[in-house]
Amino acid sequence: KSKVRKRRNNEKAATLGCQSPPVYRSQNLLGNSILRASMRATKEDRGPQFVVDTMNSFGLDCHTVKVPIMDYELLVTRDPENCRALFTSPDFDISDTRQASWMPLLGKGIFTSRGDIWKHSRSLLRPQFSREMISDPNLEEEHLQNLYARLQADSSTGWTDTVDLAPLLFKLTLDTSTDFIFGRSTYTLKEGGAIKDKNGREIDHHFNEAKVWIDKRGALAKFYWLLNSKEFKEHCDTIHDFADSIVAERLASKEKKTASEKAGRYNLLSELAKDTQNARELRNETLHVLIAGRDTTGCLLGWVFYFLARHPVVYQKLRDAVLEQFGERQADFRALNNFNYMQWVINESLRIATVIPMNERRAQRDTVLPAGGGPDGKSPVFAPKGTQVLIPLYAMQHRKDIWGEDAEEFRPERWATHRPGFEWVPFGAGARKCLGQQFGRQEVSYIVSRFCQKYDRIENMEQGDGRIRLHHAIENRSGTGVQIRLHEAKHST
Ligand code: HEM
């Protein structure tokens with residue numbers, strides 16, 4: 001059967017003028033050597049670099065590779081032209097792997113669906129993200145103050161202890177996201193305030209652990225179903241209970257507005273409840289937004305501070321610009337959107353560390369990628385229906401022919417002249433482009449601007465060999481955390 005399919009595909013490819021890209025040859029009989037090597041690299045926190053090295057081994061000008069694994073074939077492409085086709089052509093959509101691995105936690109919703117179900121979710125959520133009111137500096141400020149309380153400075157020197165900022169930033173983005181989505185924060189940063197499960201464990205434990213399971217299921221691709229456990233179910237159930245109780249309370253309430261809305265605060269759940277009273281739908285969509293926005297923003301914040309601590313000149317320049325524009329007062333979001341140097345620092349962090357290092361699409365029907373085939377890589381490549389195509393954003397964002405010889409360097413100034421196309425798509429592109437890009441950027445800009453006002457120095461305190469460790473946790477976070485100490489500016493005067 002597979003021989004017949006192969007012959008039919010070859011014939012169709014020839015008719016369409018397609019040629020094969022270079023093919024990765026497995027080093028073992030089972031045909032899974034690449035999977036094993038890539039899992040090893042991921043375990044060693046160098047997964048994205050492994051993709052670069054593997055593609056480079058075909059030549060620096062080879063940007064598309066075919067990878068047979070056991071009984072299926074993947075295409076991997078770091079070619080911006082292919083990337084454009086993958087994001088903008090209706091011939092491609094998200095794969096079954098993403099749907100299947102996330103389903104137990106998220107159910108059906110914007111992130112896991114295709115076709116009409118996805119269209120419905122997108123049309124429900126999209127209008128919310130075009131509103132100015134969802135951005136609220138006061139919401140950020142409340143949770144930021146809880147973070148500061150965890151960063152006490154020595155009263156004589158002004159220095160905090162050495163701290164790993166990364167876990168605190170994930171708590172911060174959980175607290176802000178739940179506040180914005182449900183109108184009720186998890187308060188994981190507030191002393192004694194965190195929501196706990198019946199066993200006394202804080203709610204973020206379940207979010208973190210559930211994602212570890214989802215990640216492992218995703219790595220097994222079509223064998224995802226092998227990984228299921230009581231523990232995974234318990235994490236999902238706790239998160240569902242958390243969301244369900246808030247949704248049920250909202251639907252049962254006779255009040256038009258919750259207490260936080262009366263105080264002028266927006267929340268997504270109340271807005272969605274104006275369009276649908278289906279409790280399961282409300283749970284799913286709110287959890288989808290929570291999962292899509294919380295860790296991505298936490299990761300990005302972590303990387304920004306990671307690089308600022310290693311580049312004091314950049315920090316000083318950013319701090320000077322913040323103080324010049326805003327002094328000590330809270331920045332407003334619109335001004336932060338137009339604050340060039342802040343946006344360059346964010347872009348450069350997204351480029352060099354890549355919060356989502358690998359995106360993907362599946363061919364919905366027999367179709368072609370515009371480039372990558374034949375000896376010169378210029379011919380189209382045939383992608384039969386069902387082919388999964390991996391888009392290694394990290395590899396694309398480290399191409400020296402696009403970004404220059406200093407592609408490995410953190411240099412925000414490159415954004416003064418670089419006008420990105422499809423070689424830089426950290427928020428995706430096309431119909432499924434990230435809905436929260438603006439929101440996430442605003443949150444990051446706001447928190448970073450407040451740090452600039454409060455602290456005049458950020459010192460990198462990481463011990464060890466200094467190698468950047470790209471730790472895969474669906475998003476890509478620093479494998480050594482963000483080990484820093486901070487100096488309060490008021491002690492310098
Ligand atoms: C700040 C860092 C963020 C990054 C790097 C990021 C990245 C992405 C990427 C790459 C996608 C597209 C996935 C694909 O192509 O299939 C996406 C989708 C999405 N993002 Fe974000 N995101 C971020 C923040 C947020 C925030 C803060 C929210 C919400 C509050 C959010 C909500 C969403 C949603 C709902 C989708 C699904 C869109 C769809 O499939 O139609 N994201 N994000």
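Not measured: the values here are computed from a predicted model. Counting starts at 1 for both ligands and their atoms, in listed order.
Contacts with ligand 1 closer than 4.0 Å are made by side-chain heavy atoms of F439 only, the backbone lying farther away. Of the heavy atoms in R122, only side-chain atoms (C-beta onward) come closer than 4.0 Å to ligand 1. Contact annotation: for V444 versus ligand 1, there are no heavy atoms closer than 4.0 Å. By the criterion of a heavy-atom distance under 4.0 Å, neither the backbone nor the side chain of E360 is placed next to ligand 1. With a 4.0 Å cut-off on non-hydrogen atoms, R361 touches ligand 1 through its side chain and not its backbone. Contact annotation for P426 and ligand 1: only backbone heavy atoms (N, CA, C, O) come within less than 4.0 Å of the ligand.
For atom 35 (C) of ligand 1, the closest non-hydrogen atom of the protein is I110 CG2, 3.9 Å. Atom 17 (C) of ligand 1 has C434 CB, 3.4 Å as its closest protein atom, hydrogens excluded (heavy atom only). Looking at atom 27 (C) of ligand 1, its nearest protein heavy atom turns out to be T297 OG1, 3.5 Å. Looking from atom 13 (C) of ligand 1 to the surrounding protein, the closest heavy atom is N359 ND2, 3.8 Å. With hydrogens left out, the protein atom closest to atom 36 (C) of ligand 1 is L435 N, 4.2 Å, a heavy atom. Protein heavy atom nearest atom 6 (C) of ligand 1, with residue, atom name and distance: F427 CD2, 3.6 Å. Of the protein's heavy atoms, F111 CD1, 3.9 Å lies nearest to atom 37 (C) of ligand 1. At the shortest separation from atom 26 (C) of ligand 1 among protein heavy atoms lies G293 CA, 3.3 Å.
Set against the non-hydrogen atoms of W118, the atoms of ligand 1 under 4.0 Å away are 39 (C), 40 (O), 41 (O). Proximity to V289 (heavy-atom distance under 4.0 Å) selects the following atoms of ligand 1: 29 (C), 30 (C). Taking every heavy atom of F87 and a limit of under 4.0 angstrom, the matching atoms of ligand 1 come to 15 (O). Of all atoms in ligand 1, numbered sequentially from 1 with element shown, those under 4.0 Å from a heavy atom of R98 are 14 (C), 16 (O).
Considering every non-hydrogen atom in both R150 and T188, the closest pair reads NH2-O, 3.1 Å.
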### Task
Evaluate the criterion side-chain contact (heavy atoms from CB on, under 4.5 Å) for residue pair I346 and V448; output intermediate values, then yes/no.
CA-CA 10 Å; I346 292 175; V448 175; over 6 Å; no
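Using bins of under 30°, 30° to 60° and over 60° for the plane-to-plane angle, the ring pair Y341/W344 lands in the perpendicular bin. Ring geometry for F207 against F242 counts as perpendicular: the plane angle is over 60°, on a 0 to 90° scale with 30° as the lower cut. Ring orientation note: the planes of W303 and Y306 are nearly perpendicular, at an angle over 60° on the 30°/60° scale.
Of the polar atoms of Q437, none of the N or O atoms is found under 3.5 Å from an N or O of ligand 1, judged by distance alone. For ligand 1, one of its N or O atoms has an N or O atom of R432 under 3.5 Å away. Close N/O approach between R441 and ligand 1 is not found [any backbone or side-chain N/O within under 3.5 Å]. By the 3.5 Å distance cut-off applied to N or O atoms, K433 is not counted among the residues near ligand 1.
When the heavy atoms of A292, C299, G428 are ranked by distance to atom 32 (C) of ligand 1, first place goes to A292. Across T296, I346, V425, I391, heavy-atom proximity to atom 24 (C) of ligand 1 is greatest for T296. Of the options A429, G430, S177, G436, the smallest heavy-atom separation from atom 31 (C) of ligand 1 is shown by G436.
No donor-acceptor pair under 3.5 Å is formed between the side chain of W424 and the backbone N or O of L350.
Counting heavy-atom neighbours within 6.0 Å of K454 NZ, excluding the residue itself, gives a total above 12. Residue-environment remark: CZ (R280) stays at or below the threshold of 12 foreign heavy atoms within 6.0 Å.
Both tests do not hold together for R441 against F427: distance to the six-membered ring centre under 6.0 Å, angle to the ring axis within 45°. Relative to the six-membered ring of F129, R126 misses at least one condition, a distance below 6.0 Å or an angle of at most 45° to the axis. Both cation-pi conditions hold for R98 and F111: the charged atom is under 6.0 angstrom from the six-membered ring centre and inside a 45 degree cone around its axis.
With respect to D332 and R334, no salt bridge is recorded, no charged nitrogen being found less than 4.0 Å from a carboxylate O. The pair E142-R265 meets the salt-bridge criterion, with a side-chain N (NZ, NE, NH1 or NH2) lying under 4.0 Å from an Asp/Glu carboxylate O. For R414 and E409, the salt-bridge test fails: no basic side-chain N is under 4.0 Å from an acidic carboxylate O.
Ring centroid separation for the pair W102 and H288 does not come in under the 6.0 Å cut-off.
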